[in-house]
Number of protein chains: 2
Amino acid sequence: MSNTRYTVAIHVLTLLAYAGPEALTSEYIAGSVNTNPVVIRRILAGLREAGLVRSQGGPGGGWQLLRAPEAVSLLEVLRAVDTEASFPLHATPPNPACPVGRSIQALLAGHFHTAQAAMERELARVSLRDLLEDVKAQPA
Amino acid sequence: MSNTRYTVAIHVLTLLAYAGPEALTSEYIAGSVNTNPVVIRRILAGLREAGLVRSQGGPGGGWQLLRAPEAVSLLEVLRAVDTEASFPLHATPPNPACPVGRSIQALLAGHFHTAQAAMERELARVSLRDLLEDVKAQPA
DNA sequence: TATTTCGAAACCAACTTGGTTACAGATAGG
DNA sequence: CCTATCTGTAACCAAGTTGGTTTCGAAATA
């Protein structure tokens with residue numbers, strides 16, 4: 001997870017929640033994120049596959065959130081953009097003739113999974129509504 | 001954290017713990033990890049700066065663990081190789097004229113920090129000794 | 001002194017990343 | 001049915017990262 005797509009995805013979804021039922025174009029969204037509309041469409045395409053948003057072409061079209069903001073957790077967004085595992089293992093398989101090399105991957109996979117699960121538990125506790133409320137509570 | 005250095009570092013430290021007081025050369029270690037000795041030296045150089053290992057040149061030289069295996073947690077190893085933050089924020093700063101763009105980074109930084117702290121708490125619970133015991137408990 | 005080992009720099013191919021251009025297709029609305 | 005406005009997608013790019021490799025100097029041992 002060494003890319004910014006997760007952050008951008010949360011940003012965009014919060015923006016859609018902020019906009020309510022109104023559809024936002026990728027160009028408008030790109031203006032808030034400060035990037036290119038195609039980048040936004042790429043990320044939103046993944047969120048659409050996950051069932052979080054829908055898109056509509058043509059005039060007046062754009063993107064809308066499909067769920068209530070309180071029903072979308074940061075964990076769900078992570079799963080939707082999930083690039084892959086938190087901790088990659090070896091680039092090339094370790095030497096199976098070595099006792100450590102033989103077993104280290106399975107051992108680490110277990111510990112890494114436990115650590116990641118703890119992280120995900122925290123992300124599951126935060127919803128788009130939480131973010132939305134904090135945004136609205138901001139001083140102008 | 002999208003590289004394999006953390007995994008390799010834990011592998012190497014476990015190997016050093018397995019070897020006890022005996023010094024292991026980067027070439028021998030590379031044989032277990034199945035990579036190039038220079039790659040091993042690069043990673044061990046960082047662990048030496050963190051005070052976890054020491055190196056010695058010349059014949060009979062190599063690398064040794066400086067601490068008792070039970071006194072080295074996976075969290076400490078992570079900190080020693082730490083490439084950087086878990087969740088990178090935006091590539092370019094969001095639009096400050098947008099209410100969401102203005103506040104999203106600070107909000108996410110907080111939530112990401114909480115999530116990472118939970119992950120680190122789990123990594124802190126596992127020591128090199130735990131790994132060593134599991135390796136030794138392996139069937140031959 | 002000869003051998004072994006680390007230290008460090010330089011270089012490389014492969015891959016990822018975010019950004020950009022370009023254009024086809026769909027849709028709403030007059 | 002035309003036109004302006006959207007999305008969808010492919011293709012391309014520069015920049016950065018990654019793991020690996022070669023090379024050579026320095027230090028240490030015996």
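Residue numbering restarts at 1 for every chain, and letters A, B, ... go by the order of the sequence lines. The structure displayed is predicted, hence computed values, not measured ones.
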Check the phosphate of [N] against [X], side-chain N and O only, distance under 4.0 Å to OP1 or OP2. Yes or no?
X	N	result
A:Arg42	C:dG18	no
B:Thr35	D:dG20	yes
B:Thr92	C:dG18	no
B:Ser2	D:dT17	no

In terms of side-chain heavy atoms of [X], which of [options] is nearest?
X	options	result
A:Ser55	D:dT7, D:dG19, C:dG19	D:dT7
A:Trp63	C:dG19, C:dG18, D:dT7	D:dT7
B:Thr25	C:dC6, C:dG18, C:dA8	C:dC6
A:Pro59	C:dT20, D:dT5, D:dG19	D:dT5
B:Asn3	D:dA10, D:dG19, C:dG18	D:dG19
A:Ser26	D:dG19, C:dT20, D:dT7	D:dT7

Rounded to the nearest angstrom, tell me the gap between atom [atom1] in [X] and atom [atom2] in [N].
X	N	atom1	atom2	result
A:Arg54	D:dG8	CZ	C1'	16 Å
B:Asn34	D:dG20	CG	C1'	12 Å
A:Leu89	D:dT18	CG	C1'	16 Å
A:Tyr6	C:dT16	OH	P	22 Å
A:Glu27	D:dC6	CD	C1'	10 Å
A:Ile43	D:dT7	CD1	C1'	16 Å
B:Arg41	D:dA27	CZ	P	16 Å
A:Asn36	C:dG19	CG	C1'	6 Å

Worksheet item: Does a side-chain heavy-atom distance below 4.5 Å link B:Ile104 with B:Pro94?
Response: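 Side-chain contact under 4.5 Å: yes.
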Item to complete: Please check if A:Val38 and A:Val12 belong to a single hydrophobic cluster, counting links between Ile, Leu, Val, Met, Phe, Trp and Tyr side chain heavy atoms closer than 4.5 Å.
Response: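 They do not share one cluster, since no chain of ILVMFWY contacts under 4.5 Å joins A:Val38 to A:Val12.
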Discussion item. With a 4.5 Å cut-off on side-chain heavy-atom distances among I, L, V, M, F, W and Y, is there a chain of contacts connecting B:Leu132 to B:Leu52?
Written reply: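 Yes; B:Leu52 is reachable from B:Leu132 via cluster members.
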Practice prompt. By nearest nucleotide on DNA chain D, pick out whichever of A:Val38 and A:Gly61 is the more 5' one.
Written response: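 Of the two residues, A:Gly61 wins.
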Worksheet item: For the side-chain contact (heavy atoms from CB on, under 4.5 Å) test, which of B:Val53, B:Leu16, B:Leu66 pairs with B:Leu47?
Response: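 The single option meeting the side-chain contact (heavy atoms from CB on, under 4.5 Å) with B:Leu47 is B:Val53.
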Discussion item. In terms of relative ring orientation, are A:His11 and B:His90 parallel, tilted or perpendicular, with 30° and 60° separating the classes?
Written reply: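 A:His11 and B:His90: perpendicular rings.
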Item to complete: Please check if any side-chain donor atom of B:Gln116 sits under 3.5 Å from a side-chain acceptor atom of B:Ser86, or the reverse.
Response: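 Distance-only check passes for B:Gln116 and B:Ser86.
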Discussion item. At 4.0 Å (heavy atoms only), tell me whether A:Gln56 reaches a base, stays on the sugar-phosphate, or touches nothing.
Written reply: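 Since only primed, P, OP1 and OP2 atoms lie under 4.0 Å of A:Gln56, the category is sugar-phosphate.
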Worksheet item: D:dG8 base to A:Arg48 side chain: any donor-acceptor pair below 3.5 Å?
Response: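 Per atom types, no contact qualifies.
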